[in-house]
Amino acid sequence: TIMDQLFETKQVELQLAKYLGIEKCLIAKGDSSQQTKVVSSFGEMVNESLATRLPDGKNVIAVMGGTTMAAVAEEIGQLETEKRHNIFVPARGGIGETVSVQANSVSAVMAIRSQGEYRSLFVPEQLSSFAYETLLQEPSIKEVLTLINQANCVIHGIGRALHMAARRKMSESEILMLKQHNAVAESFGYFFNEKGEIIHKIPRIGLQLKDIQNIPYVFAIAGGKDKAKAIHAYMKNAPKQTWLITDEAAANEILKGV
Ligand code: G3H
């Protein structure tokens, strides 16, 4: 029956959260790498979680990019209330994606759909370290960075390392280095091996992985059987307060052999 299925899903959610050492898992039916409607379910779950969890007052929500995050953004609904105001910002700038899935775009879509505000961070993709340092002194950039550092909520995707490196057109030598260090996961512009150790970091402004540790509301959104290894690896490094929104395909693969 449906009740039995719901109960079973709840049990797997508890088991997975415990296994990964994080606060909570929410599991959508199916495999998001095969069915787009599963990604829409992620979006509904994120929307519901934000609606119920975000406190009154001003919230600063830092978001990352990626195809999952872009699809999640499309499911966001009204989150403003008389007492609650949300400002969406990109968590980090310029880590190399096409415009439609960049953090700036995801942040704007979420803000518009939820009737909140947003601020963009304009950092060119290819920048010398000199230009980078100069840019950091720009008042308009400083203002957004200050806001990002006040984030009390972070929403991000998790990717497979080599897939992300290729999609973001990283150099051959960087890709070779990732292979030599057995990179399996990527999130926030950080690359991780199977043990969850950071083996490479794209130097970009905005939130760093250590900053996430102190942020009260953290949501990681990733599913699909092929992402199981990446999710598992990243979670070894994830802050304990993380909520993982995933699907049955990834959950079953991670829990195989437990
Ligand atoms: O950092 C992780 C990636 O943004 C995930 O991208 O959702 O397109 O797989 P994706």
Side-chain angles (χ1 to χ4, degrees), residues 26 28 30-46 61-76 88-110 121 123 125 154-170 174-175 178 183-194 196 198-209 211-212 218-239 242-247 249-250 253-254:
L26 294 174
D31 185 334
S32 57
S33 63
Q34 310 290 328
Q35 309 143 285
T36 49
K37 72 171 199 307
V38 183
V39 191
S40 305
S41 311
F42 293 166
E44 289 161 20
M45 287 167 159
V46 172
I61 304 167
V63 303
M64 284 301 306
T67 59
T68 311
M69 286 296 296
V72 162
E74 297 298 334
E75 304 300 323
I76 297 298
F88 291 81
V89 290
R92 294 188 83 195
I95 58 171
E97 293 271 27
T98 47
V99 172
S100 60
V101 306
Q102 276 173 12
N104 272 330
S105 311
V106 173
S107 152
V109 171
M110 286 188 170
L121 185 63
V123 193
E125 299 292 316
V154 173
I155 315 172
H156 67 90
I158 302 167
R160 287 171 293 148
L162 297 177
H163 179 82
M164 295 310 301
R167 191 169 92 192
R168 293 184 185 150
K169 301 192 174 53
M170 287 171 68
E174 280 175 309
I175 292 179
L178 291 175
V184 295
E186 187 278 346
S187 194
F188 281 95
Y190 288 76
F191 287 84
F192 306 87
N193 64 16
E194 220 160 327
I198 299 170
I199 55 177
H200 181 62
K201 174 191 165 187
I202 302 175
R204 284 295 178 271
I205 51 177
L207 288 183
Q208 310 301 317
L209 193 61
D211 303 323
I212 314 296
V218 180
F219 296 93
I221 330 291
K225 189 179 176 192
D226 54 358
K227 271 193 188 178
K229 211 182 239 186
I231 296 169
H232 195 180
Y234 169 74
M235 285 301 159
K236 296 189 176 165
N237 218 305
T242 299
W243 280 30
L244 169 67
I245 294 180
T246 189
D247 57 23
E253 186 69 14
I254 294 169

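Just so you know, ligand 1 is whichever comes first in the structure, and atom 1 is the first atom listed for that ligand.
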Nearest-option assignment for atom 4 (O) of ligand 1, heavy atoms, candidates S32, A103, G65, G157: G65
Part of V101 within contact of ligand 1 (heavy atoms, under 4.0 Å): neither
Under 4.0 Å to a heavy atom of I158 - the qualifying atoms of ligand 1, by number: 2 (C), 5 (C)
Short N or O distance, E97 and ligand 1, threshold 3.5 Å exclusive: no
Contact with ligand 1 for H163, non-hydrogen, under 4.0 angstrom: no
Enumerated ligand 1 atoms positioned under 4.0 Å from heavy atoms of S187: 1 (O)
Please set out all donor-acceptor pairs under 3.5 angstrom arising from side-chain atoms of residues 34-41, sequence neighbours excluded.
unit_1: Q35; atom_1: OE1; unit_2: D31; atom_2: N; d: 2.8
unit_1: S41; atom_1: OG; unit_2: K37; atom_2: O; d: 3.1

Test of proximity, M164 against ligand 1: N or O pairs below 3.5 Å: no
NZ/NE/NH1/NH2 to OD/OE distance under 4.0 Å, E253 and K227: no
Ring pair (Phe, Tyr, Trp, His ring centres under 6.0 Å) against Y234, all qualifying residues, sequence neighbours excluded: H156, F192
Any F42 side-chain heavy atom under 4.5 Å of T68 side chain: yes
Salt bridge present between E97 and R167 (N-O < 4.0 angstrom): yes
Those atoms of ligand 1 less than 4.0 Å from some heavy atom in K227: 7 (O), 9 (O), 10 (P)
R168 neighbourhood, listing ligand 1 atoms whose heavy-atom distance to it stays under 4.0 Å: 1 (O), 4 (O)
Heavy-atom closest pair, residues S33 and K225: OG-N, 4.3 Å
Under-4.0 Å heavy-atom contact with ligand 1, by part of E186 that carries it: both
R167 N/O to ligand 1 N/O under 3.5 Å: yes
